[in-house]
Amino acid sequence: QVTLKESGPGMLQPSKTLSLTCSFSGFSLSTSGMVVSWIRQPSGKSLEWLAAIDWDGDKYYNPSLKSRLTVSKDTSNTQVFLKITSVDTADTATYYCARSIYNNYFDYWGQGVMVTVSS
Amino acid sequence: DVVLTQTPSILSATIGQSVSISCRSSQSLLDSDGNTYLYWFLQRPGQSPQRLIYLVSNLGSGVPNRFSGSGSGTDFTLKISGVEAEDLGVYYCMQATHAPWTFGGGTKLELK
């Protein structure tokens with residue numbers, strides 16, 4: 001059974017660094033073709049793809065945010081991390097991680113973690 | 001970035017009615033490998049998105065066959081043949097042909 005779960009700080013102040021963790025089970029990120037992505041959704045708005053990391057350790061970023069994003073994974077291939085530097089109120093959103101395998105994009109999603117940026 | 005325009009933004013339907021949602025892309029989504037990376041998702045209230053359709057017309061695992069997808073190039077359609085109460089929520093199309101991957105603005109399906 002494939003499951004993903006996001007965790008994060010809940011709230012942080014502007015200019016700080018946001019650190020998110022996606023913990024998953026039921027698959028391994030070392031499997032050929034496997035990719036884990038981060039996607040966010042401000043309240044009442046659409047979805048925005050942020051970043052992804054694949055089974056080979058290759059990383060992909062949305063150019064609109066690339067300078068502020070870092071995606072990584074742990075050596076056991078069961079967790080993926082996302083850091084966003086210099087956050088501001090526009091980064092307030094629910095953050096999801098989602099799995100893809102080859103051209104089977106986003107077949108499983110986590111429940112999402114809400115992050116509020118406020119002073 | 002590729003812009004996906006969904007119409008209508010709000011869709012009112014009765015139970016049992018058949019409805020369609022359009023997704024129009026600013027660029028062709030036909031990839032050089034011959035695939036068209038167009039996907040459909042449903043987000044029920046308070047839930048994460050769930051994938052319905054992959055590669056334009058392929059039904060995801062466990063998705064009822066009242067859902068169907070069609071289209072090519074820049075124009076795509078999601079059809080629900082006989083809306084059920086559990087289908088209410090916001091529908092999104094997404095493309096993964098051109099980086100960065102992008103989503104449409106969403107279509108809210110509500111009861112009339």
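Reckoned from all heavy atoms, side chains included, excluding hydrogens, waters and symmetry mates. Below, read A as the first sequence line, B as the second, and so on, with proteins coming before strands; counting in each chain starts at 1.
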Side chain, backbone, both or neither: which part of B:Gln43 has a heavy atom under 4.5 Å from chain A?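 Contact with chain A involves the side chain of B:Gln43 alone.
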Verify whether one side chain among [X] and [Y] offers a donor that lies under 3.5 Å from an acceptor in the other.
X	Y	value
A:Arg99	A:Tyr108	no
A:Ser30	A:Ser28	yes
B:Thr102	B:Gln95	yes

For [X], which atoms come within 4.5 Å of any heavy atom of chain B: side chain, backbone, both, or neither?
X	value
A:Ala52	side chain
A:Thr94	neither
A:Ile39	side chain
A:Phe106	both

Below 6.0 angstrom between ring centroids: does that apply to B:Tyr92 and B:Phe41?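 That pair fails the under 6.0 Å test.
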B:Ser48 side chain to A:Gly110 main-chain N or O, any donor-acceptor pair under 3.5 Å?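 A pair under 3.5 Å: yes.
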